[in-house]
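Everything below concerns the one structure shown next.
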Amino acid sequence: MKIIMSKYLSYCSGVSSAMQKMYNSIQWGKENNKKVYSLGNLIHNNRAIQKLNDLGVIVLEEKDIATAIPGIIVLRAHGVRDDLLRWILKKGFIVVDATCPIVIQEQNFIKEADKKYHIVIIAKKNHPEAEFLYSVETSHTKSLVSDVADLDNLENEKPLFVVMQSTFPLTMAKVIYEKLYKLKNDKREVVIANSPCASTKRRQIEIEALSKSTDCIIVIGGENSSNTNSLKLHAENFGKPVYRINSKEEIPHSLLGVKRIGIATGTSTPTFIIDEILETLRGAYSET
Ligand code: SF4
């Protein structure tokens with residue numbers, strides 16, 4: 001069995017920085033005898049979260065803030081609503097903001113857009129980044145678009161200002177862009193402020209090349225990780241079997257006999273999981 005690795009593995013810069021801020025906070029919490037929280041799961045990988053829990057980090061949900069003993073709280077890379085942030089500060093927490101600079105830039109695009117525009121946020125429903133962008137406090141009207149069909153439901157006639165979630169799948173983004181360009185050609189003003197972030201794009205472009213030179217693809221990452229699932233979805237376009245796994249136990253038995261396996265990871269996949277899976281593949285499966 002030959003294993004071919006993607007050039008882009010493990011954490012992106014935003015997640016790496018959020019994790020570093022968390023480790024610094026854990027150290028500070030120890031030295032100052034303060035509780036250390038993350039607001040919701042810091043990253044979308046349950047095994048990475050378990051390791052943080054083992055170091056004493058408490059995952060705090062919004063509904064529990066009112067009754068929690070204040071301590072240091074790290075905000076996740078994909079942003080936190082302004083009103084929620086104000087409330088956390090009011091409750092006496094020390095806030096460490098780990099929002100990725102790219103997501104802050106998306107927020108600023110919305111804040112600074114001329115008020116004549118209707119803001120279109122292209123993002124997955126219920127994703128924290130979608131919630132964050134939708135909650136930006138401006139007087140614009142806004143719509144959340146998760147699918148090309150949602151563009152048919154934009155009722156008002158205002159010009160459109162479009163901001164996209166950093167990890168939105170490229171294939172879906174392409175279909176939505178085509179429809180937006182059609183609206184533009186029909187003389188509606190459409191401004192497209194951004195596209196998926198470089199880290200997301202690089203991994204999706206790379207997985208296409210990887211699919212061409214291998215017999216199947218393994219995407220390592222959490223089942224609740226949006227970027228991991230987007231990467232898997234994108235890889236499925238290239239005709240090879242694609243598996244998403246997050247532990248050595250999930251390695252599919254059908255890989256026995258496969259000659260070339262491509263390995264890619266989401267942007268919230270820790271290296272210890274990648275190493276564990278590679279070691280198992282190189283051991284048990286190496287004779288096939
Ligand atoms: S996926 Fe992109 S936008 Fe999201 S945290 Fe990583 S670098 Fe930042």
Side-chain angles (χ1 to χ4, degrees), residues 6-25 38-49 52 59 73-81 85 95-111 121-136 144-146 162-174 176 192-208 219-235 244 246 264-271 273-274:
S6 166
K7 281 192 276 207
Y8 309 106
L9 297 167
S10 196
Y11 297 155
C12 61
S13 57
V15 172
S16 177
S17 159
M19 289 298 276
Q20 192 52 55
K21 285 179 178 176
M22 177 53 91
Y23 290 127
N24 295 346
S25 301
S38 66
L39 182 63
N41 286 332
L42 186 66
I43 65 171
H44 287 140
N45 189 289
N46 57 355
R47 295 183 67 195
I49 296 301
L52 292 178
V59 177
I73 187 164
V74 182
L75 309 183
R76 61 195 162 220
H78 288 132
V80 170
R81 296 189 328 263
L85 178 56
V95 170
V96 175
D97 189 356
T99 310
C100 176
I102 294 169
V103 179
I104 290 177
Q105 190 183 41
E106 291 167 1
Q107 180 193 41
N108 288 337
F109 284 143
I110 297 175
K111 281 185 177 165
I121 296 161
I122 299 176
K124 290 189 174 173
K125 285 190 181 84
N126 302 322
H127 189 277
E129 192 174 327
E131 189 183 273
F132 173 65
L133 294 175
Y134 200 82
S135 74
V136 175
L144 180 66
V145 166
S146 300
V162 181
V163 178
M164 187 173 279
Q165 177 191 338
S166 59
T167 52
F168 203 74
L170 286 188
T171 35
M172 284 169 73
K174 192 165 167 269
I176 291 174
I192 297 178
N194 71 331
S195 59
C197 77
S199 190
T200 298
K201 275 196 259 192
R202 273 199 297 263
R203 287 172 200 239
Q204 295 196 15
I205 291 166
E206 172 77 1
I207 213 165
E208 181 172 354
V219 181
I220 305 174
E223 65 180 338
N224 58 346
S225 158
S226 173
N227 67 77
T228 300
N229 288 318
S230 291
L231 197 56
K232 177 175 182 284
L233 195 71
H234 188 66
R244 184 212 52 81
N246 199 38
T265 81
T267 55
S268 48
T269 306
T271 50
I273 299 180
I274 304 169

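Atoms within a ligand are numbered from 1 in the order they appear, just like the ligands themselves. In this text, all values refer to a predicted model and were calculated from it rather than measured experimentally.
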Could you name each residue pair satisfying side-chain hydrogen bond (donor to acceptor under 3.5 Å, both in side chains) that touches residues 196-206, not counting sequence neighbours?
S195-K201, R203-T265

Report the residues that fulfil side-chain hydrogen bond (donor to acceptor under 3.5 Å, both in side chains) with S230, sequence neighbours left out, ordered by chain and then residue number.
K124

For a quick test of your reading: what N or O donor-acceptor pairs under 3.5 Å do the side chains of residues 96-111 make, sequence neighbours left out?
unit_1: D97; atom_1: OD1; unit_2: T99; atom_2: N; d: 3.0
unit_1: D97; atom_1: OD1; unit_2: T99; atom_2: OG1; d: 2.5
unit_1: E106; atom_1: OE2; unit_2: S166; atom_2: N; d: 3.4

Could you pull out, from R76, E106, H78, the option with a heavy atom nearest to atom 5 (S) of ligand 1?
H78

Can you find a pair of side-chain heavy atoms, one from M164 and one from P196, that are under 4.5 Å apart?
yes

Go through N46 and N224 one step at a time and tell me if the side-chain hydrogen bond (donor to acceptor under 3.5 Å, both in side chains) criterion holds.
CA-CA 8 Å; N46 57 355; N224 58 346; over 6 Å; no

For atom 2 (Fe) of ligand 1, state how many protein N, O or S atoms fall inside a distance shorter than 2.8 Å.
1

State, yes or no, whether a side-chain contact exists between T271 and Y11 at a heavy-atom distance under 4.5 Å.
no

